[in-house]
There are 2 protein chains.
Amino acid sequence: MNIQSLDNLTDFKRDLEVLEEKQFLLLVETNQDIIKVSTKTALKNLPKIFDEAIKIGNTKGFNATSLRDLSQATDMSLGKIYTYISAKDDLLLMLHSHYIKVIEDTFNQIGLPHKNPMDNLLLAVKAHLYLSQVFRPWFYFAFTESKHLNKKIIALAKESELKSDLYFRNIIQSGIQAKRFAAVDRNFTSSMIKALLQDWYLKPWKYAERNIDVDSYFKEIANLLTIYLTPKD
Amino acid sequence: MNIQSLDNLTDFKRDLEVLEEKQFLLLVETNQDIIKVSTKTALKNLPKIFDEAIKIGNTKGFNATSLRDLSQATDMSLGKIYTYISAKDDLLLMLHSHYIKVIEDTFNQIGLPHKNPMDNLLLAVKAHLYLSQVFRPWFYFAFTESKHLNKKIIALAKESELKSDLYFRNIIQSGIQAKRFAAVDRNFTSSMIKALLQDWYLKPWKYAERNIDVDSYFKEIANLLTIYLTPKD
DNA sequence: CAATAATGTGAACGATCGTTCATAATATAA
DNA sequence: TTATATTATGAACGATCGTTCACATTATTG
């Protein structure tokens, strides 16, 4: 994953897939005490369990999703599912920590490559948008099901949330210090950016209806930030 | 409810309470086929059921909230609760339609009193913010539990959502036509406003941590909109 | 091929859920 | 006061849930 991958969604998606597969292998190896089958078998079945859990969870909520629902959707027996998880809650823990790690890896690999703070800011915005585009089901799932997380996952999620918050605030802060940005409220600005990013994955139907793809949405945000952050002379 | 009420939160809250009590009476009278007790008794107990249902629902989700939980929280027996609702789902229908009506009433009473489109826009923003401040638990509940709504409530919610969307877009549209606003994208702008409003009730802890009250949050949005919508000369 | 290991199955268990209703308790009217 | 109407109770029922495990099936090894 590098800056070039963020040129367009197709390249990004390709690179992200590689990153995700690596992370999946790590996940299976880390949870060998829970997963009672070989790594090969787990890599074949676990992703499907994740996918369907998110899919059903996004329509009826995870709490209302029974393991019998999941069994039917994945075409696996109840017993088979229980060779990959120790409990229903455990599924959430594995699933969320997997995606959180992939996302953090992505940002670590991108870093802050530009000298111009606006370039860095827009790059971060684009990376977030692309990530939520590719992993939209999970992003939606994680947000709307945040109530049902146990303490372990909440700790993970909060840590990740703080990191991304800091990521934006630091860029804005350095932009203001360098007098490249207007002296706006740092907290409000980063909150605003996050709210706009969230809207993208929380209300996909809205943007689909208006035929707005991720790149044109990015341009609108970029335009807003340019107007808002350009220093007044 | 009039423009003066929007001067400060205290006045708004007072006027809103009157409006809500009226609506509660209407609700009870409308549902006399379901509610098996006198109006007087219903007015005493139903609000408590609503309040506690929202409160528990906001911590563990409505689906995971059992009627036994609700029974304990309201200090009412299971049977007593069932003299006010016909089913668990029915509780949601009554609850949501009540709040939706109160909110629509509020906007109907405010209308578009100003000649300057920016004044109207900011008034609408403030009304939304104040509403979500006073009814924060319900706003949070309605958003995060939207998955579990049945078709009847979804229809209600979508209609209400469309109305408020149109409300903002019309103001922006007329502002642009009158050349008082820059020629921004109308859809994006109204989406942005709604995303910022949503952030206020979806992440109350964030703003509480930063000691930002509803009035200072309003000022930040007003500042952003002024910068974004002021026509370039 | 047979023997062993790995993987898959789904009936069964106890817990909890929404909902009902015979009955009790309380308030109102006569 | 007594009689009647209103309101409140919570045990009980059938359905569904997460989870287990004795067993069946399939794949791998020798």
Side-chain angles (χ1 to χ4, degrees), chain A residues 28-29 31-50 52-53 56-57 59-95 145 147-150 152-153, chain B residues 28-29 31-50 52-53 56-57 59-95 145 147-150 152-153:
Chain A
V28 172
E29 282 170 354
N31 290 285
Q32 270 179 352
D33 49 331
I34 292 172
I35 299 170
K36 297 169 200 71
V37 294
S38 71
T39 301
K40 199 186 121 199
T41 313
L43 285 176
K44 193 182 66 185
N45 290 323
L46 196 54
K48 181 155 198 181
I49 295 178
F50 280 11
E52 295 297 332
I56 311 173
T59 63
K60 51 159 69 180
F62 188 71
N63 219 291
T65 303
S66 72
L67 285 160
R68 284 162 183 84
D69 291 335
L70 192 58
S71 162
Q72 198 170 25
T74 54
D75 214 26
M76 304 179 193
S77 64
L78 283 171
K80 186 171 176 178
I81 289 176
Y82 269 92
T83 57
Y84 298 95
I85 61 172
S86 65
K88 199 189 172 191
D89 255 10
D90 183 53
L91 173 57
L92 280 186
L93 181 58
M94 281 206 292
L95 189 153
E145 295 292 318
K147 252 177 247 168
H148 306 292
L149 307 180
N150 65 31
K152 232 177 179 174
I153 317 174
Chain B
V28 171
E29 282 170 354
N31 290 284
Q32 270 179 352
D33 50 330
I34 291 171
I35 299 171
K36 296 167 201 74
V37 293
S38 71
T39 301
K40 197 186 121 200
T41 313
L43 284 176
K44 193 182 66 183
N45 291 322
L46 196 55
K48 181 155 197 181
I49 295 178
F50 281 12
E52 294 297 332
I56 311 174
T59 62
K60 50 159 68 181
F62 187 71
N63 218 292
T65 302
S66 72
L67 285 161
R68 284 163 183 84
D69 291 335
L70 192 58
S71 162
Q72 199 170 24
T74 56
D75 214 27
M76 303 178 193
S77 66
L78 282 172
K80 187 171 176 179
I81 290 176
Y82 270 92
T83 58
Y84 299 96
I85 61 172
S86 65
K88 198 188 172 191
D89 255 11
D90 183 53
L91 173 56
L92 280 185
L93 181 59
M94 284 205 291
L95 189 154
E145 294 293 317
K147 252 176 243 168
H148 307 292
L149 306 181
N150 66 30
K152 233 177 178 174
I153 317 175

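So that the names make sense, note that chain A is the first sequence line, chain B the second, and so on, each numbered from 1.
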Of A:L78 and B:S66, the one whose closest nucleotide on DNA chain C sits nearer the 5' end is A:L78

So does A:E29 have more than 12 non-hydrogen atoms from other groups sitting under 6.0 Å from CD?
yes

Whole angstrom value for the distance that separates C1' of C:dG18 from CG of A:N63:
15 Å

B:I85 CD1 - C:dC17 C1' separation (whole Å):
14 Å

Among D:dA12, C:dT20, D:dG18, the one nearest any side-chain atom of B:Y82 is C:dT20

Quick one, A:D90 and A:N31 - any side-chain contact, counting heavy atoms below 4.5 Å?
no

Heavy atoms from other residues, nucleotides or ligands near NZ of B:K152 exceed 12 (cutoff 6.0 Å):
no

Using whole Å, what does the distance between atom C1' of nucleotide D:dT16 and atom NZ of B:K88 come to?
13 Å

Heavy-atom side-chain proximity of A:H148 to A:D89 below 4.5 angstrom:
no

What distance separates B:K88 NZ from B:I81 CD1, expressed to the nearest 0.5 Å?
11.0 Å

Using side-chain heavy atoms (C-beta onward) and a distance below 4.5 Å, is B:L46 in contact with B:M94?
yes

In whole Å, I'd like the distance from the CD atom of B:Q72 to the C1' atom of D:dG10.
14 Å

Ignoring the backbone of B:K40, work out which of D:dT19, D:dG10, C:dT28 is nearest its side chain.
C:dT28

Quick one: on DNA chain C, does A:I81 or A:R68 contact a more 5' nucleotide (nearest heavy atom)?
A:I81

Restricting both atoms to N or O, compile the protein contacts to nucleotides 3-8 of chain D shorter than 3.5 Å, with distance only.
| unit_1 | atom_1 | unit_2 | atom_2 | d |
| --- | --- | --- | --- | --- |
| D:dT7 | OP1 | B:S38 | N | 3.3 |
| D:dT7 | OP1 | B:S38 | OG | 2.8 |
| D:dT7 | OP1 | B:T41 | OG1 | 2.9 |
| D:dT7 | OP2 | B:S38 | N | 3.2 |
| D:dA8 | OP1 | B:K80 | NZ | 3.1 |

